[in-house]
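Have a look at the structure below before the remarks.
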Amino acid sequence: MSVVAAKSVVSIQYTLKNGEGETIDASEAGDPLRYLHGAGNIVPGLEEKLEGKKIGDKLEVVVEPADGYGEVSGPGPQALPREAFEGVDPAPGMSFVAEDEDGNQVHLWVLDANEERVVVTPDHPLAGVTLHFAVEIEAVREATAEELEHGHVH
Ligand code: ZN
């Protein structure tokens, strides 16, 4: 298997920049990002553009927020009492899955934390950011049955 398609495990080297050209994230040399293609392991806008690409291909992909980490939505940051986080040590950048009043699961990201309160937001830290990826495909292989069952790379 040398073409990126559903059920393949893809290794990529990547650099991610924001609209201002600042590097937000990058893979380390010798330690590529490995993901299961077609399983939603990476942002949809990037996954779509990697489809059909081959080992050695280099590409630049611009992903709008809607196909990346989403738009910034309401209700914005909220302060919760520290007691609500029993058993964990919340720190900026951490994320939690919580239940809202209707019993829906929501992702909450920690912006700030001190002894009394923890400030959280439902928006991913990269929500609203246009993502500029530079990607090189290092390897493609077929996923194992177990990886397909789990929906991620082992
Ligand atoms: Zn697994």
Side-chain angles (χ1 to χ4, degrees), residues 1-18 23-73 77-78 80 82 84-113 118-154:
M1 181 175 258
S2 61
V3 173
V4 176
K7 301 182 181 176
S8 53
V9 170
V10 187
S11 302
I12 58 172
Q13 289 289 352
Y14 73 96
T15 303
L16 170 60
K17 294 183 178 179
N18 62 18
T23 300
I24 301 168
D25 194 15
S27 55
E28 307 264 339
D31 186 21
L33 171 72
R34 299 186 308 143
Y35 78 96
L36 177 60
H37 193 79
N41 292 173
I42 60 173
V43 295
L46 180 60
E47 186 166 55
E48 188 186 312
K49 290 288 167 47
L50 287 168
E51 177 90 24
K53 294 289 182 292
K54 300 184 296 293
I55 294 169
D57 280 356
K58 291 182 187 178
L59 58 159
E60 309 236 331
V61 179
V62 178
V63 178
E64 297 299 329
D67 295 319
Y69 293 102
E71 306 284 356
V72 174
S73 63
Q78 276 178 286
L80 301 176
R82 177 93 188 195
F85 292 81
E86 223 188 310
V88 287
D89 188 18
M94 286 173 71
S95 74
F96 295 91
V97 177
E99 262 187 19
D100 68 11
E101 311 86 69
D102 303 321
N104 300 313
Q105 290 207 324
V106 287
H107 238 107
L108 293 176
W109 300 86
V110 176
L111 293 176
D112 193 26
V118 179
V119 180
V120 297
T121 172
D123 296 313
H124 186 281
L126 294 177
V129 175
T130 299
L131 310 168
H132 296 252
F133 286 99
V135 177
E136 179 171 2
I137 298 174
E138 274 202 350
V140 182
R141 67 163 167 86
E142 219 166 307
T144 64
E146 197 185 41
E147 287 172 326
L148 290 174
E149 195 181 315
H150 288 202
H152 56 233
V153 175
H154 284 166

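All of these numbers come straight from a predicted model, not from anything done at the bench. Counting starts at 1 for both ligands and their atoms, following the listed order.
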message: Can you give me the closest heavy-atom contact between I137 and K53, atom names plus distance?
response: CD1-CB, 3.3 Å
field: Residue and atom names of protein N/O/S atoms that fall under 2.8 Å from the Zn ion (ligand 1)
entry: H150 ND1, H152 NE2, H154 NE2
task: For the pair R82 and D89, find out whether any cationic side-chain nitrogen is under 4.0 Å from an anionic carboxylate oxygen.
output: yes
- prompt: Is there a donor-acceptor contact under 3.5 Å linking the side chains of E51 and H37?
  reply: yes
message: Could you tell me if E60 and H132 have a donor-acceptor pair between their side chains, going purely by distance under 3.5 Å?
response: no
query: Are R141 and E147 within salt-bridge range, i.e. N to O under 4.0 Å?
result: yes
Intermediate values then yes/no, side-chain contact (heavy atoms from CB on, under 4.5 Å), Q13 and V135: CA-CA 6 Å; Q13 289 289 352; V135 177; over 6 Å; no
